Engineer: 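Just passing along the structure, written as structure tokens.
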Amino acid sequence: MTNGPDQIRSASLSPPPSTSAQGLAQLTNISHGFFGRQGGTSKGLYDSLNAGAGSDDDPAAIAANRARIAEAIGAESSAHLLSCHQHHSADALLVEAPFSGRPKGDAMVTRTPGLALAILTADCVPVLFADREAGVIGAAHSGWKGAMGGICDATLEAMEAIGAKTDRIIAAIGPAIGQASYEVGPEFQDRFLAHRKSSDRFFRPSKGDRLLFDIQGFVHNSLTRAGVSQVDVIARDTCALDEHYFSNRRRNHQGLPDYGRNASVIMLKP
């Protein structure tokens, strides 16, 4: 199911605007949101809701933005808004309590209420997961390396290890780079075809030997192949929507030195 611009709450001083996915929104024990760049305190390149500690933004502004996101999601404090040092792996971490710092990993799962799992992206695909019956949630960062390397499968396996069942899980794919913006070369396509021959349907021709890759479609297919019965897609192109989302590819096109990060968050309500 696709959620359009009409489902984005209008920006206001508080809380920062976010997008919700229909399936997750129907789960009364779950709080979630896909946050973009609006409604924060950062300036310049990072205007305004930059949640990325890995950026060169003012740390005080990042902390203030994360506090605003934590409040919007219903977390007790910003210390309960948890994010990892994402490194395009297939590493899914079990989280049972707030942690300090940024442990390496590209997904988190928990059955502990009050822990807000935050995925940070700037074109990569954020995926949020929930099994309401088991009281288990997950969140994954799926760039192309993670998508091909199995980060979604690893997240599902980690959720099942603490009581979830894949066929009960509802997943939501958040805003990410759209196919029209994701131009790649033939060598990129070759990697995916070597991984899965049917991947050719996620590429369409562009100029010359260039191709356009549908990473959201590839991630969606990976989830349905794994047995997830409901996968909602928020079909919003982070690269094309400058006012709404941070984008690394747009940063490269514009020759800018850095970029902010969007936050996608899910939490079991206390």
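None of the values given here were measured: they were computed from a predicted structure.
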Engineer: Identify the residue among N50, D58, D57 that makes a side-chain hydrogen bond (donor to acceptor under 3.5 Å, both in side chains) with S42.
Structural biologist: D57

Engineer: Kindly compute the distance separating NE2 (H87) from NE2 (H141), expressed to the nearest 0.5 Å.
Structural biologist: 10.0 Å

Engineer: For residues D153 and A226, report the shortest heavy-atom separation together with the two atoms involved.
Structural biologist: OD1-CB, 3.7 Å

Engineer: Quick check on the hydrophobic clustering: are L49 and L45 connected, directly or via other members, by side-chain heavy-atom contacts under 4.5 Å?
Structural biologist: no

Engineer: Look up atom CD in Q230 and atom CG in D167, then write down how far apart they are to the nearest 0.5 Å.
Structural biologist: 13.0 Å

Engineer: Hey, is the main chain of G74 close enough, under 3.5 Å, to the side chain of S31 for a donor-acceptor pair?
Structural biologist: no

Engineer: Could you walk me through whether W144 and F188 satisfy the ring-ring contact (aromatic ring centres under 6.0 Å, His included) test, starting with their C-alpha distance in whole Å, then the side-chain angles of each, then the deciding distance to 0.1 Å, before giving a yes or no?
Structural biologist: CA-CA 10 Å; W144 71 265; F188 183 95; 5.1 Å; yes

Engineer: Is a side-chain N or O of S181 found less than 3.5 angstrom from the main chain of I177, in a donor-acceptor match?
Structural biologist: no

Engineer: Compare all side-chain heavy atoms of H32 with those of S20 and state whether any distance is below 4.5 angstrom.
Structural biologist: yes

Engineer: Take Y245 and D237 through the side-chain contact (heavy atoms from CB on, under 4.5 Å) test and state the conclusion after the steps.
Structural biologist: CA-CA 8 Å; Y245 299 104; D237 183 347; over 6 Å; no

Engineer: Do the side chain of T121 and the main chain of D123 share a donor and acceptor less than 3.5 angstrom apart?
Structural biologist: no

Engineer: Treat each ILVMFWY residue as a node, draw an edge where side-chain heavy atoms are under 4.5 Å apart, and state whether F99 and I266 are in one component.
Structural biologist: yes

Engineer: Ignoring hydrogens and angles, write down the donor-acceptor pairs under 3.5 Å from the side chains of residues 125-137, residues two or more places apart or on other chains.
Structural biologist:
residue, atom, partner, partner atom, Å
D131, OD1, E133, N, 3.1
D131, OD1, A134, N, 3.1
D131, OD1, R168, NE, 3.2
D131, OD2, K165, N, 2.9
D131, OD2, R168, NE, 3.1
D131, OD2, R168, NH2, 3.0
R132, NH2, T28, OG1, 3.1

Engineer: How far does OG1 of T110 sit from CG of L82, to the nearest 0.5 angstrom?
Structural biologist: 8.5 Å

Engineer: On the 0 to 90° scale, with breaks at 30° and 60°, tag the H195-F192 ring pair as parallel, tilted or perpendicular.
Structural biologist: perpendicular

Engineer: Counting only pairs under 3.5 Å, give me each side-chain donor-acceptor contact of residues 209-219, with atom names and distances, residues two or more places apart or in other chains.
Structural biologist:
residue, atom, partner, partner atom, Å
D214, OD1, G217, N, 2.9
Q216, NE2, G174, O, 3.0
Q216, NE2, I234, O, 3.4

Engineer: Run the side-chain hydrogen bond (donor to acceptor under 3.5 Å, both in side chains) test against E183 and tell me which residues pass, sequence neighbours left out.
Structural biologist: S206

Engineer: Considering all heavy atoms of both residues, which atom of S198 and which atom of R225 are nearest to each other, and what is their separation?
Structural biologist: OG-NH1, 4.4 Å

Engineer: Do F34 and L27 sit in the same hydrophobic cluster, where Ile, Leu, Val, Met, Phe, Trp and Tyr count as joined when their side-chain heavy atoms come under 4.5 Å apart?
Structural biologist: yes

Engineer: So do the side chains of M159 and T166 get within less than 4.5 Å of each other, counting heavy atoms only?
Structural biologist: no

Engineer: Donor-acceptor pair, D106 side chain versus H88 backbone, under 3.5 Å?
Structural biologist: yes

Engineer: A side-chain contact here means heavy atoms from C-beta on lying under 4.5 Å apart; do S48 and T41 qualify?
Structural biologist: no

Engineer: Is there a side-chain contact between L115 and L268 in this structure, where contact means two heavy atoms from C-beta onward sitting under 4.5 Å apart?
Structural biologist: no

Engineer: Answer yes or no: does atom CZ of R102 have more than 12 heavy-atom neighbours from other residues, nucleotides or ligands under 6.0 Å?
Structural biologist: yes

Engineer: How many angstroms lie between OH in Y46 and OG in S55, if you round to the nearest 0.5 Å?
Structural biologist: 5.0 Å

Engineer: Is the backbone of L120 close enough, under 3.5 Å, to the side chain of Q86 for a donor and an acceptor to pair up by distance?
Structural biologist: yes

Engineer: Heavy-atom distance under 4.5 Å between the side chains of K145 and S89, does that happen here?
Structural biologist: no

Engineer: Within the distance-only criterion (no hydrogens, no angle test), does the side chain of D232 pair as donor or acceptor with the backbone N or O of G23 below 3.5 angstrom?
Structural biologist: yes

Engineer: Write down the atom of L81, the atom of V265, and the distance for their closest heavy-atom approach.
Structural biologist: CD1-CG1, 3.8 Å

Engineer: Go through it in stages, so that I can follow the logic: the residues are I162 and V109, the test is side-chain contact (heavy atoms from CB on, under 4.5 Å), and I'd like the CA-CA distance, side-chain angles, deciding distance and then a yes or no.
Structural biologist: CA-CA 9 Å; I162 56 173; V109 305; 4.1 Å; yes

Engineer: If you compare all heavy atoms of G138 against all heavy atoms of L117, which two are closest, and at what distance to 0.1 Å?
Structural biologist: CA-CD1, 4.1 Å

Engineer: Any idea which heavy atoms bring S142 and G146 closest together, and the distance?
Structural biologist: OG-C, 4.1 Å

Engineer: Using a cut-off of 6.0 Å, state whether more than 12 heavy atoms not belonging to E187 lie near its atom CD.
Structural biologist: yes

Engineer: Is a side-chain donor or acceptor of H220 paired with a backbone partner of V233 at a separation under 3.5 angstrom?
Structural biologist: no

Engineer: Please walk me through it: do T155 and M108 pass side-chain contact (heavy atoms from CB on, under 4.5 Å)?
Structural biologist: CA-CA 7 Å; T155 308; M108 293 173 285; over 6 Å; no

Engineer: Are side-chain heavy atoms of E71 and S78 found at a separation under 4.5 Å?
Structural biologist: no

Engineer: May I ask you to test the T112-V95 pair for a side-chain heavy-atom distance under 4.5 Å?
Structural biologist: no

Engineer: Between D258 (side chain) and D56 (backbone), is there a donor-acceptor pair under 3.5 Å?
Structural biologist: yes

Engineer: Which distance, rounded to the nearest 0.5 Å, do you find between the SG of C152 and the CD of E157?
Structural biologist: 11.5 Å

Engineer: Check R249, R250, R251 against D242 for a salt bridge (Lys or Arg N to Asp or Glu O under 4.0 Å) and give me the one that passes.
Structural biologist: R250

Engineer: Do side-chain atoms of R37 reach the backbone of G260 as a donor and acceptor pair under 3.5 angstrom?
Structural biologist: no

Engineer: Look up atom CZ in F203 and atom OH in Y182, then write down how far apart they are to the nearest 0.5 Å.
Structural biologist: 8.5 Å

Engineer: R261 side chain to Y259 main-chain N or O, any donor-acceptor pair under 3.5 Å?
Structural biologist: yes

